[in-house]
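A short worksheet on the structure shown next.
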Amino acid sequence: GDSVTQMEGPVTLSEEAFLTINCTYTATGYPSLFWYVQYPGEGLQLLLKATKADDKGSNKGFEATYRKETTSFHLEKGSVQVSDSAVYFCALTKNTGGFKTIFGAGTRLFVKA
Amino acid sequence: GEEVAQTPKHLVRGEGQKAKLYCAPIKGHSYVFWYQQVLKNEFKFLISFQNENVFDETGMPKERFSAKCLPNSPCSLEIQATKLEDSAVYFCASSSQTGMNTEAFFGQGTRLTVV
């Protein structure tokens with residue numbers, strides 16, 4: 001079945017370090033791909049998305065490119081801040097009505113000052 | 001409204017009591033989803049609705065859990081005779097899913113604690 005696999009955390013970085021969180025997916029058809037972020041004690045926020053191959057989603061300095069050939073959607077940020085500390089979820093959904101969102105297990109990021 | 005509204009934000013129930021959670025989807029969205037997030041962050045899909053009709057209930061526990069989306073009312077998720085293992089954050093999401101816009105918009109969640 002359809003699934004999302006992302007790197008296990010926690011990931012601990014110093015401020016201004018480069019961030020990569022790997023995400024790969026298995027899905028039939030042409031899914032849309034998402035990164036969501038959950039800050040401590042809060043709900044789920046959409047960080048960025050890409051709806052077709054080679055699309056690049058970007059927001060708040062984060063980027064991810066939809067790579068169909070490697071079935072990947074890795075999240076990157078050039079210089080992390082303490083305020084980026086959160087749990088990041090890679091997810092997919094199909095472009096058919098009513099399809100649920102399938103989440104990866106989440107990667108916790110700690111950024112030290 | 002412009003956001004998915006979930007109530008209450010926190011709910012504490014004794015084992016065996018009933019718990020009822022509510023979700024008002026974004027106006028105009030025809031799909032509603034419920035997810036359970038347990039302690040290790042994992043999201044478990046429970047059920048989805050297309051308007052007031054059950055669309056996909058493959059994740060719904062067969063016993064004790066039920067859900068409804070009735071016209072002109074918030075959607076609800078009800079747990080009869082709660083157990084300790086039901087303690088989790090329950091998220092509701094809604095989407096319009098027209099064309100390529102399949103993004104689901106999530107509420108802030110309801111934290112259920114069963115003691």
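Quantities reported herein were computed from a predicted structural model and do not represent experimental measurements. We use all heavy atoms of the structure for the numbers below, so side chains are in, but hydrogens, waters and symmetry mates are not. A note on names: the letters A, B, ... follow the listed sequences, proteins ahead of strands, and every chain is numbered from 1.
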Using the six-membered ring wherever Trp is involved, compare the ring planes of B/Tyr35 and B/Phe45 and label them parallel, tilted or perpendicular (cut-offs 30° and 60°).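 Perpendicular.
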Among B/Phe91, B/Phe105, B/Phe49, B/Phe43, which residue has the highest count of heavy-atom pairs closer than 4.5 Å to chain A? B/Phe43
Counting heavy-atom pairs closer than 4.5 Å to chain A, which one of B/Gln50, B/Gln37, B/Arg111 comes out on top? B/Gln37
Under 4.0 Å between a side-chain nitrogen and a carboxylate oxygen: does that hold for [X] and [Y]?
X       : Y       : value
A/Lys60 : A/Asp84 : no
A/Lys52 : A/Asp55 : yes
A/Glu63 : A/Lys77 : no

Under 2.5 Å between the sulfurs of B/Cys69 and B/Cys75, yes or no?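 Yes, the SG atoms sit under 2.5 Å apart.
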Could you go through A/Tyr36 and A/Phe103, starting from their C-alpha distance and side-chain angles, then the distance that decides it, and tell me whether this counts as ring pair (Phe, Tyr, Trp, His ring centres under 6.0 Å)? CA-CA 9 Å; A/Tyr36 287 90; A/Phe103 289 91; 5.8 Å; yes
Checking A/Leu44 against chain B: side chain, backbone, both or neither under 4.5 Å from a heavy atom? both
Quick check on A/Gln45 against chain B: is it the side chain, the backbone, both or neither that has a heavy atom closer than 4.5 Å?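 Neither the backbone nor the side chain of A/Gln45 comes within 4.5 Å of chain B.
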So A/Asp2 and A/Tyr25, do their side chains get closer than 4.5 Å, heavy atoms only?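 The answer is no, as the side chains (C-beta and beyond) never meet within the 4.5 Å cut-off.
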Measuring from atom CD1 of A/Ile102 to atom OG1 of A/Thr93, what distance do you get when rounded to the nearest 0.5 angstrom?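 Those atoms lie 7.5 Å apart.
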Non-hydrogen contacts under 4.5 angstrom with chain A: give the residues of residues 12-21 of chain B involved, or none if there are none.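 The list, in residue order, is empty: none.
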